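I have placed the structure first, in the form of structure tokens, so that the comments after it can refer back to it.
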Amino acid sequence: MTDADAAQRTDLARRAIQGAGFLAIAQYGTLAIGIVRGALLLRLVAPEFHGTVFAATALVSFFNLFRLELREIVVTTPAGDQARLTTQYLLEVGSSLLGFGVAGLTWMIAPQFSGLLDRSSLVWPAIWILLGVRLASALSSTPLYILHRDIRQGIITSLTLIAALLSLIVGVGLALAGYPLLAVLADVAILPLVLGLGAWLAAGWRPGMQIDQAAARDILGFSFALWTTGLLGKITFEFDDLLVGEVNGPAILGFYGRAYALAKLPMDVFTGMIGSLGLALYAQSLAGGMALLERSYALTTWLLTRLIAVSSIVM
């Protein structure tokens with residue numbers, strides 16, 4: 001191993017450890033704030049409003065079935081490849097707009113295709129708001145992915161904690177003021193909006209005027225594999241919300257959704273912390289050779305399985 005290789009590994013390890021530390025602060029900070037916020041909202045807001053937002057979230061996910069979330073593309077793209085980043089950005093934003101088209105056609109052709117929509121006219125307003133949040137996330141996607149790529153977890157942690165505090169203040173404030181649906185929606189919307197705005201300011205990246213047609217073909221081909229994985233995730237983690245709400249109504253769905261969120265809390269905390277760092281760590285480890293990549297992969301996998309197992313037993 002040359003001195004340059006040793007220095008590269010040392011620098012990567014240092015940034016990875018710092019990033020993991022910042023992510024731990026973000027995860028446990030937002031967890032503590034989220035427990036307080038969730039407890040207050042469950043007491044201030046009737047269960048059917050929680051169920052309305054869970055139903056709208058699941059429906060929006062299926063309306064956005066063709067949205068491409070391309071973090072992997074950015075994390076593996078060198079900083080100087082502006083045309084490839086611009087291509088990724090335009091594809092992600094364009095695919096997000098398709099969700100409005102699918103929802104609009106559904107609104108015109110079959111606005112009451114679901115029993116949930118029959119029971120609660122508030123589901124459609126929640127759907128339009130959440131579609132807007134998804135579009136805002138797409139518009140800020142590349143700057144946020146760049147922060148992940150460069151392992152700038154200190155900035156992401158600061159933005160995450162600010163968003164969590166704002167969610168607590170705004171959500172509880174709206175509930176006390178008599179706006180229960182907006183209170184629950186704020187709990188969902190503020191985090192991606194704050195992260196997106198902060199990423200635009202911190203990353204310093206703006207889309208260029210040139211696109212890379214070869215990159216567009218590569219990205220679309222790779223996106224098909226991501227899309228099939230995402231479809232499986234929607235069926236596994238979101239279809240059950242629609243089924244429970246369809247059979248039992250928004251109030252029962254509100255209880256079910258909150259219970260489900262608590263049940264998978266150990267997985268969310270540790271997979272979020274390690275998963276946010278893992279892809280960038282792998283991409284930069286590969287630049288140091290396969291041996292470094294294998295070591296990084298073995299370490300993150302070892303941590304992930306043991307932390308989730310132990311925390312699940314404790315829960």
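Please read these numbers as outputs of a predicted model, since none were measured by experiment. Residues: numbered from 1 along the sequence shown.
- Nearest heavy-atom pair, A138 versus Y89, reported as atom, atom and distance to 0.1 Å: O-CE1, 3.8 Å.
- Listed for the R152 side chain is no donor-acceptor partner under 3.5 Å among the backbone atoms of H148.
- Rounding to the nearest 0.5 Å places CZ of R71 at 13.5 Å from CD1 of I146.
- The heavy-atom pair separating V194 from A163 by the smallest distance is CB-CB, 3.7 Å.
- Here OG of S167 is found 9.5 Å from CG of L193. Values are rounded to the nearest 0.5 Å.
- Distance check: F63 CZ to R134 CZ gives 11.5 Å after rounding to the nearest 0.5 Å.
- For the residue pair D240 and Y260, no side-chain donor N or O sits within less than 3.5 Å of a side-chain acceptor on the partner.
- Follow the hydrophobic side-chain contacts under 4.5 Å out from M108 and you reach F62 in the same cluster.
- Under the 4.5 Å side-chain heavy-atom criterion for Ile, Leu, Val, Met, Phe, Trp and Tyr, I169 and V172 are members of distinct hydrophobic clusters.
- When all heavy atoms of W205 and W200 are compared, the pair lying nearest together is O-CZ3, 3.3 Å.
- Within 6.0 Å of OH in Y179 there are 12 or fewer heavy atoms belonging to other residues, nucleotides or ligands.
- Between T142 and Q88, the side chains place a donor N or O and an acceptor N or O closer than 3.5 Å (distance only, hydrogens not considered).
- With hydrophobic clusters built from ILVMFWY side chains whose heavy atoms lie under 4.5 angstrom apart, I190 does not share a cluster with V133.
- At a threshold of 4.5 Å between non-hydrogen side-chain atoms, the residues L65 and V102 do not count as touching.
- The minimum heavy-atom distance between V60 and I127, with the atom names listed, is CG2-O, 3.6 Å.
- Here the closest non-hydrogen pair linking S95 and F66 is CB-O, 3.4 Å.
- Between the side chains of R67 and S96, at least one donor N or O lies within less than 3.5 Å of an accepting N or O.
- Other residues, nucleotides and ligands contribute only 12 or fewer heavy atoms inside 6.0 Å of the CZ atom of F255.
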**salt bridge (charged side-chain N to carboxylate O under 4.0 Å, His left out) between R258 and D187, worked out** = CA-CA 13 Å; R258 286 297 178 184; D187 189 30; 3.5 Å; yes
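- Shortest non-hydrogen contact noted between F49 and P180 is CZ-CG, 3.6 Å.
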**Prompt:** Stepwise, does the side-chain contact (heavy atoms from CB on, under 4.5 Å) test hold for F54 with T57?
**Reply:** CA-CA 5 Å; F54 282 125; T57 300; 5.6 Å; no
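- Rounded to the nearest 0.5 angstrom, L97 CG and L135 CG are separated by 5.5 Å.
- In this structure, CG on L139 lies 12.0 Å from CG on L197, to the nearest 0.5 angstrom.
- In this structure, the side chains of T160 and L191 come closer than 4.5 Å at one or more pairs of heavy atoms.
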**Request:** Evaluate the side-chain contact (heavy atoms from CB on, under 4.5 Å) criterion for residues N248 and L253: first the C-alpha distance (whole Å), next the side-chain angles of each, then the deciding distance (0.1 Å), finally the verdict.
**Result:** CA-CA 7 Å; N248 297 292; L253 176 57; over 6 Å; no
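- Remark: side-chain polar atoms of T86 are paired, donor with acceptor, to backbone N or O of G208 under 3.5 angstrom.
- Rounding to the nearest 0.5 Å gives a distance of 11.5 Å between CG of L174 and CG of L44.
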**Asked** Can you check side-chain contact (heavy atoms from CB on, under 4.5 Å) on N64 and L131, steps first, answer last?
**Response** CA-CA 8 Å; N64 269 313; L131 281 171; 3.5 Å; yes
**Asked** Could you go step by step and tell me if E92 and Y145 meet the side-chain contact (heavy atoms from CB on, under 4.5 Å) rule?
**Response** CA-CA 12 Å; E92 185 153 340; Y145 298 157; 2.8 Å; yes
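- Hydrophobic clustering, with ILVMFWY side chains joined whenever heavy atoms are under 4.5 angstrom apart, keeps V244 apart from L42.
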